[in-house]
Amino acid sequence: MKIRNRLNPSNPCFSFEFFPPKTDEGTANLLKTLEDLAPLEPGFVSVTYGAGGSTRDRTVELVTRIKRETGIEAMAHITCVGHTPDELREVLRRLAEAKVDNVLVLRGDPPQGQKSFEPVAGGFRHASELVRFIREEDFNFSLGGACYPEGHVETASRDDDLRHLKEKVDAGLDFVITQLFFDNAFYFDFVERARRIGINVPIVPGIMPITNYEQVQRFTRMCGATVPMRLGLQLERVKDQPDALVQLGVAHATVQCMELLSRGVPGIHFYTLNKSPATRMIVSALRART
Ligand code: FAD
């Protein structure tokens, strides 16, 4: 099933993002988690692409197994990091062979220790180049990409970033998924600006339920997402009370999702960080409301 056909504001879909576990036991646990999530009828799940080596093979394996063993639609992420075009073609060929229909095309972050992104010799510098490459090759994927309501961390200005997004979409994206945000105003403003410059593909909001204080600090530092002052103060107050922190994180994300749904988003993508109970609580609450 092509995800582009599943993104519909009159019947929005929920999707869940996971990273590939490092061990076979971890993979078995994740597949079990997915069975538990199946009753929530996710539109699709997606599996991230790591920085190198065996974790990358695990992305392809996991997506293949999710499709085969759970019947849930699964999308593979892929990045330009450390890959030549020939290597990328081979990964894509394996995905196509496994009947994977959807790929999230990313540039990837600079590897640890490097300040800026440098492609390998002959490799791609921007995600848009990889999108163009996939479209020129004989693949038939539905393609998604990343976008940044608050601007990508490396960009000089949000307008520049948006222009680059337009280039990437024009290269052949069917939909985009946003970086996480905690204040919906960033998303609504971003969608409005994107539409104004002719970006017409579905823009799926990405939501991360906060479940860990240090983790949210680390993530927001890395990706530049703003924690609204009131939420920041509330988190500070419960940072040493794990249960209260999860409750706060779930409550905040649920309220965010309710507003997003009421304003007609085509879907909501949850960054689960492989901790699905928080996401399950939110989606159950959202389903109960409809
Ligand atoms: P690009 O679209 O190439 O943009 C990167 C930067 O380059 C931006 O600042 C952009 O403005 C600029 N740029 C683009 N085109 C041009 C141009 N022509 N000239 C000048 N500047 C330009 N990372 C992983 O490693 N694995 C994953 O699985 C993964 N999954 C993700 C899923 C989602 C939904 C999101 C939002 C992010 C994900 N990331 C993942 C993180 C992502 O790889 C990083 O944010 C990365 O830094 C940028 O990737 P991109 O695809 O947005 O890059």
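Both counts, for ligands and for their atoms, begin at 1 and track the order of listing. Hydrogens, waters and symmetry mates are skipped; everything else that's a heavy atom, side chains included, is used.
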K.L.:
Between ligand 1 and S128, is the shortest N or O to N or O distance under 3.5 Å?
P.N.:
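There is no such contact.
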
K.L.:
Measuring from the heavy atoms of G108, does anything fall under 4.0 Å of ligand 1?
P.N.:
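It does, in that a heavy atom of G108 comes within the 4.0 Å cut-off of ligand 1.
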
K.L.:
I'd like to check whether Y271 has a polar contact with ligand 1, where a contact means an N/O of the residue lying under 3.5 Å from an N/O of the ligand.
P.N.:
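No, since none of the N or O atoms of Y271 sits under 3.5 Å from an N or O of ligand 1.
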
K.L.:
Just jot down the ligand 1 atoms closer than 4.0 angstrom to any heavy atom of Q179, in number order.
P.N.:
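Counting atoms of ligand 1 from 1, those under 4.0 Å from Q179 are 36 (C).
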
K.L.:
I'd like the name of whichever of H77, R107, R56 reaches closest to atom 5 (C) of ligand 1 through any heavy atom.
P.N.:
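That would be R107.
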
K.L.:
State whether the side chain of E73 and the backbone N or O of R6 hold a donor-acceptor pair below 3.5 Å, judged by distance alone.
P.N.:
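The answer is no, because no donor-acceptor pair under 3.5 Å joins these two groups.
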
K.L.:
Output the list of atoms in ligand 1 that are nearer than 4.0 Å to some heavy atom of K168, sorted by atom number.
P.N.:
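Those of ligand 1 that fall under 4.0 Å from K168 are 2 (O), 50 (P), 51 (O), 52 (O).
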
K.L.:
Hey, is R125 touching ligand 1 through its side chain, its backbone, both or neither, going by heavy atoms under 4.0 Å?
P.N.:
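For R125, there is no contact with ligand 1 at all, from either part.
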
K.L.:
Using modelled atom types only, decide if a donor and an acceptor are shared between the side chain of T59 and the backbone of T48 within a distance under 3.5 Å.
P.N.:
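Pair found, side chain donor or acceptor close to backbone of T48.
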
K.L.:
Any salt bridge linking R58 with D24? Criterion: basic side-chain nitrogen under 4.0 Å from a carboxylate oxygen.
P.N.:
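Salt bridge present between R58 and D24.
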
K.L.:
Could you list the donor-acceptor pairs under 3.5 angstrom formed by side chains in residues 122-133, with sequence neighbours left out?
P.N.:
unit_1 : atom_1 : unit_2 : atom_2 : d
R125   : NH2    : E118   : OE1    : 3.4
E129   : OE1    : R125   : N      : 2.9

K.L.:
What residue and atom, counting heavy atoms only, is the protein's closest point to atom 44 (C) of ligand 1, and at what distance?
P.N.:
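Of the protein heavy atoms, D109 OD1, 3.2 Å lies nearest.
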
K.L.:
So does P149 get a backbone contact from the side chain of D161, meaning a donor-acceptor N/O pair under 3.5 Å?
P.N.:
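No; judged by distance alone, with no hydrogens or angles, the pair does not exist.
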
K.L.:
If you measure only the distance, is there a donor-acceptor pair under 3.5 Å linking the side chains of D174 and S142?
P.N.:
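Present: a donor and an acceptor within the cut-off.
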
K.L.:
Nearest heavy atom to atom 35 (C) of ligand 1: which of P111, A146, S157, G206 does it belong to?
P.N.:
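The option holding the nearest heavy atom is A146.
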
K.L.:
Do any non-hydrogen protein atoms sit less than 4.0 Å from atom 11 (O) of ligand 1?
P.N.:
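Given the 4.0 Å cut-off, atom 11 (O) of ligand 1 counts as touching protein heavy atoms.
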
K.L.:
Consider only side-chain N and O atoms of Y187 and Q256, and report whether a donor and an acceptor are under 3.5 Å apart.
P.N.:
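Side-chain D/A pair, Y187 to Q256: absent.
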
K.L.:
Do me a favour and list the nearest non-hydrogen protein atom to atom 3 (O) of ligand 1 with residue, atom name and distance?
P.N.:
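Protein heavy atom with the smallest distance to atom 3 (O) of ligand 1: A127 N, 2.9 Å.
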
K.L.:
Under 4.0 Å from a heavy atom of Y49: give me the atoms of ligand 1 that qualify, with their elements.
P.N.:
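Answer, ordered by atom number: 24 (C), 25 (O), 26 (N), 27 (C), 28 (O).
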
K.L.:
Which residue and atom name correspond to the protein heavy atom nearest atom 6 (C) of ligand 1, and how close is it?
P.N.:
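Scanning the protein heavy atoms, the shortest distance from atom 6 (C) of ligand 1 goes to H152 ND1, 3.5 Å.
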
K.L.:
Has D161 got any heavy atom lying under 4.0 angstrom from an atom of ligand 1?
P.N.:
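Yes, that is the case, since the closest heavy atom of the residue is under 4.0 Å from the ligand.
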
K.L.:
So which protein heavy atom does atom 39 (N) of ligand 1 come closest to, and at what separation?
P.N.:
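Of the protein heavy atoms, L106 CD2, 4.0 Å lies nearest.
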
K.L.:
Tell me which part of L104 gets within contact of ligand 1: side chain, backbone, both or neither, using heavy atoms under 4.0 Å.
P.N.:
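Looking at L104 and ligand 1, just side chain atoms fall under 4.0 Å.
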
K.L.:
May I ask you to identify the nearest protein heavy atom to atom 18 (N) of ligand 1, giving residue, atom name and distance to one decimal place in Å?
P.N.:
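Its nearest protein heavy-atom neighbour is E167 OE2, 3.2 Å.
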
K.L.:
With heavy atoms of T79 as the reference, note each atom of ligand 1 found under 4.0 Å away.
P.N.:
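So the answer, numbered in order with elements, is 24 (C), 25 (O), 26 (N).
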
K.L.:
I need the nearest protein heavy-atom contact for atom 21 (N) of ligand 1: residue, atom name and distance, please.
P.N.:
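That would be H164 CE1, 3.2 Å.
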
K.L.:
To which of K166, H126, R163, E154 does the heavy atom nearest atom 17 (C) of ligand 1 belong?
P.N.:
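When every heavy atom of K166, H126, R163, E154 is considered, H126 comes closest to atom 17 (C) of ligand 1.
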
K.L.:
Would E150 and T226 count as a side chain to side chain donor-acceptor pair (under 3.5 Å) if you check the C-alpha gap in whole Å, the side-chain angles of each, and the deciding distance to 0.1 Å?
P.N.:
CA-CA 8 Å; E150 299 184 58; T226 305; 2.5 Å; yes

K.L.:
Taking the six-membered ring of Y49 as reference, does the cationic atom of R56 (NZ for Lys, CZ for Arg) lie under 6.0 Å from its centre and within 45° of its axis?
P.N.:
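Geometry flag: not set, cation outside 6.0 Å or 45°.
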
K.L.:
So does R163 pair up with D159, basic N to acidic O under 4.0 Å?
P.N.:
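No, this pair does not count.
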
K.L.:
Has E259 got a side-chain atom pairing as donor or acceptor with N184's backbone, closer than 3.5 angstrom?
P.N.:
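Judged by distance alone, no pair lies under 3.5 Å.
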
K.L.:
From the options F117, F124, Y148, select the one whose nearest heavy atom is closest to atom 48 (C) of ligand 1.
P.N.:
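Heavy atom nearest to atom 48 (C) of ligand 1 belongs to Y148.
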
K.L.:
May I ask you to list the residues sharing a hydrophobic cluster with V120, side-chain cutoff 4.5 Å, ordered by chain and number?
P.N.:
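Reading the cluster by chain and number, V120 sits alone, since nothing else belongs.
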
K.L.:
Can S10 and N8 be counted as having a side-chain donor-acceptor contact under 3.5 angstrom?
P.N.:
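Yes.
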
